[in-house]
Amino acid sequence: MVTNETQNLNEGEDEALNNNVVDKQKHTDVQKDKEVQIIQNKFKRRLENSFTNIFFLVCIAGISLGILLEIVNVVRRNHTPEVSTVTKIVLSPKYWMYPNTKTVNSRDGNLKHVHLVLERLGYEKTTNETPWNLLWSYPTPFNDINLKNLRDNQKVNHFPGTGYITCKVELATSKSEFIPKAFRLPKDKNEFLTYAEKNKDALFVQKNIRHRHVYLKNVSEIDLSNETTFVQEFVQKPFLVDGHKFDIGVYVVLESVNPLRVYWYKGDVLFRYCPTKYYPFDPNNLDKYVIGDDYLPTWEVPSLAHPYTALGNTMKETFDIYARSKGKDTTKMWQDVQAAIAEIFIMKESIIADKFKAYSSPENYFEMMRFDLIVDEDLKVYLLEANMGPNLSSQHFPPNQLLYEQVLYNLFSLTGVAQAKITVNAADKGETKAAEDMLAADKNIAVYGDECRTLCKDSCEVSDLCRLCKPCLTPKLKKTLLAAYNEFLHRGDFRRLIPPTMVPNKDTKAILEGVKDLSLNNKLLHLWYQGKCNQDITWCS
Ligand SMILES: Nc1ncnc2c1ncn2[C@@H]1O[C@H](COP(=O)(O)OP(=O)(O)OP(=O)(O)O)[C@@H](O)[C@H]1O
């Protein structure tokens, strides 16, 4: 029973207890619910906060990306060409090498640097079968190939008639204070004997009319009947560097005759020294007085090695430094070098112009030559020869690569060969005139504006100056002046030899007086340079 009562009690108590527990439980559940809700709320808020943050982050990232992309686009627009020009084919000008031999055509042959420089300028090698823009011929090509009628965009590295300058005996027998007296054999045999008789101290070399075979001989030893040779007075007492005789090779470019335009390369000059010291002199030892293939280069002459190699001077400046160290001023020597070369062109112009009559415009041709000169102990200048197609191979002396490539680069720039890419591509798009004007236009060649406005306003015949006014220009003269303007713009290290250096001068009477003895075309070109020199002194030389 107890058990029942107890059980009842217990049941009652249990109930009460249960009620209490239930209440408590309820309370606890409510509490829990509240807590859960709080937690849920907190979580919700956090979640909401996180969403807001993520949303903001995404927005900021999006904006940043947008800004970044825009910056990239702006940079690309400013720094890379339009897609159309990148994919567009750019045409290459073409060069043709003649003759088709290994030494000429191979990129490792004698003309290696010609190939290299042309390729760097965007040229492609071709043959006569396809259209070409430049013909580079090793020998003079005019006897082998008909080059009389060329298109405007074709150039040849030779000029018809320059043989009158580069033929050794022709040059040696030209009358000039800068050329040692020479006699043709057997033609001038008697004249030579008379001269030798009168000039007892004179010595003579017998030379081959082509190249090499230069020997100092007594008059009695000279074979006066040998028509493949000529005799020339020997220049005694040469200026020596560390005891070595030397010669000077100056690169010169003929651009036009009638009117005459000639340039010399002032960037450097080839100095070649005899391998053996001059004294004690021995006529049987050619290494003492004849410069040949195995010459001593500047960098091997003891006193020149430091200024040339360590200090990095040109061969020309290295020599000048040496001469100054010996108390010599080379200014007059270099003026005489220019005078000696210019004189030859002036002397031979009419005969070359005569030969040139059968050819198209001078703008199609140019000729680079190397003039060889020697100097005596007073730095008096003597001109010995002009080499057509001078050696440009650095095989024997690799350091000469720089000289040859710079000479070639400047040559191609001066002659317009380097600019062919512009005209070739413009022609392809039918923009030839615009491209030509871009290089040189009417306004670039206008001179004597005051005289053209007043003195010449009614007639082109009033004065030679008037012929340079725009309304009076003939098409040929205009072409000449545009070419001369282009040469000035692209001359690099070449400088004008003819027409010569001038000074600004506004006295038109005096200017006209100064050119009165020139042929009409040369007169007009001189007057034009004077007009440009008056506008801007950089045009005076
Ligand atoms: N009249 C001269 N007086 C003094 N030296 C001379 C004379 N003629 C030639 N020589 C010497 O001989 C060298 C070669 O002469 P020249 O240039 O006439 O002949 P070359 O064999 O054709 O030479 P290059 O290698 O220049 O073609 C000259 O650099 C000079 O040193």
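Read the numbers this way: they start at 1 and go in the same order the structure lists the ligands and their atoms.
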Checking a contact table here: which protein heavy atom is nearest atom 28 (C) of ligand 1, and how many Å away?
L384 CD1, 3.7 Å
For atom 13 (C) of ligand 1, the closest protein heavy atom turns out to be I291 N, 3.6 Å
So which heavy atom in the protein is nearest atom 23 (O) of ligand 1, and how far is it from that ligand atom?
E385 OE2, 3.2 Å
Do me a favour and list the nearest non-hydrogen protein atom to atom 21 (O) of ligand 1 with residue, atom name and distance?
R212 N, 2.6 Å
Greater than 12 external heavy atoms within 6.0 Å of E119's CD:
yes
Over 12 foreign heavy atoms within 6.0 Å of NZ, K198:
no
Are any of the heavy atoms in H213 under 4.0 Å away from ligand 1?
no
Below 30° counts as parallel, above 60° as perpendicular, anything between as tilted: where do the rings of F246 and Y273 land?
tilted
Would you say ligand 1 has an N or O under 3.5 Å from any N or O of V235?
yes
For D247, the ligand 1 atoms whose distance to one of its heavy atoms is below 4.0 Å:
29 (O)
Under 4.0 Å, heavy atoms only, figure out whether ligand 1 is touched by the backbone of N208, its side chain, both or neither.
neither
Ligand 1 to Q232, heavy atom cutoff 4.0 Å, flagged ligand atoms 1 (N), 8 (N)
Sub-6.0 Å ring centroid separation between F494 and Y265
yes
For atom NZ of K277, is the number of surrounding heavy atoms from other residues, nucleotides or ligands below 6.0 Å larger than 12?
no
Compute the minimum heavy-atom distance from Q236 to ligand 1 and say whether it is under 4.0 Å.
no
Show your reasoning for whether ring-ring contact (aromatic ring centres under 6.0 Å, His included) applies to F366 and F159.
CA-CA 5 Å; F366 64 89; F159 205 100; 9.3 Å; no
Y409, OH: over 12 other non-hydrogen atoms inside 6.0 angstrom:
no
Report the relative orientation of the aromatic rings in H113 and Y404; use parallel for angles under 30°, tilted for 30 to 60°, perpendicular for over 60°.
tilted
Any idea which atoms of ligand 1 are less than 4.0 Å away from a heavy-atom of R272?
25 (O), 26 (O)
Look at the aromatic rings of W299 and Y308 and report parallel, tilted or perpendicular, splitting at 30° and 60°.
parallel
Protein residue, atom and distance nearest to atom 11 (C) of ligand 1, heavy-atom basis
Y289 O, 3.4 Å
Distance filter under 4.0 Å to K207 heavy atoms, resulting ligand 1 atoms
8 (N), 9 (C), 18 (O)
Under 3.5 Å between some N or O of ligand 1 and some N or O of R210?
no
So which protein heavy atom does atom 5 (N) of ligand 1 come closest to, and at what separation?
K245 NZ, 2.8 Å
Could R496 and Y529 be counted as a cation-pi pair, given that NZ or CZ must be under 6.0 Å from the ring centre and within 45° of the axis?
yes
Would you say K348 and S174 are linked by a side-chain donor-acceptor pair, where the criterion is simply a distance under 3.5 Å?
yes
Nearest protein heavy atom to atom 15 (O) of ligand 1, by residue and atom, and its distance?
V214 CG2, 3.8 Å
Enumerate the atoms of ligand 1 whose separation from the nearest heavy atom of N387 is less than 4.0 angstrom.
27 (O)
Return the closest protein heavy atom for atom 20 (P) of ligand 1 as residue, atom name and distance.
K168 NZ, 3.3 Å
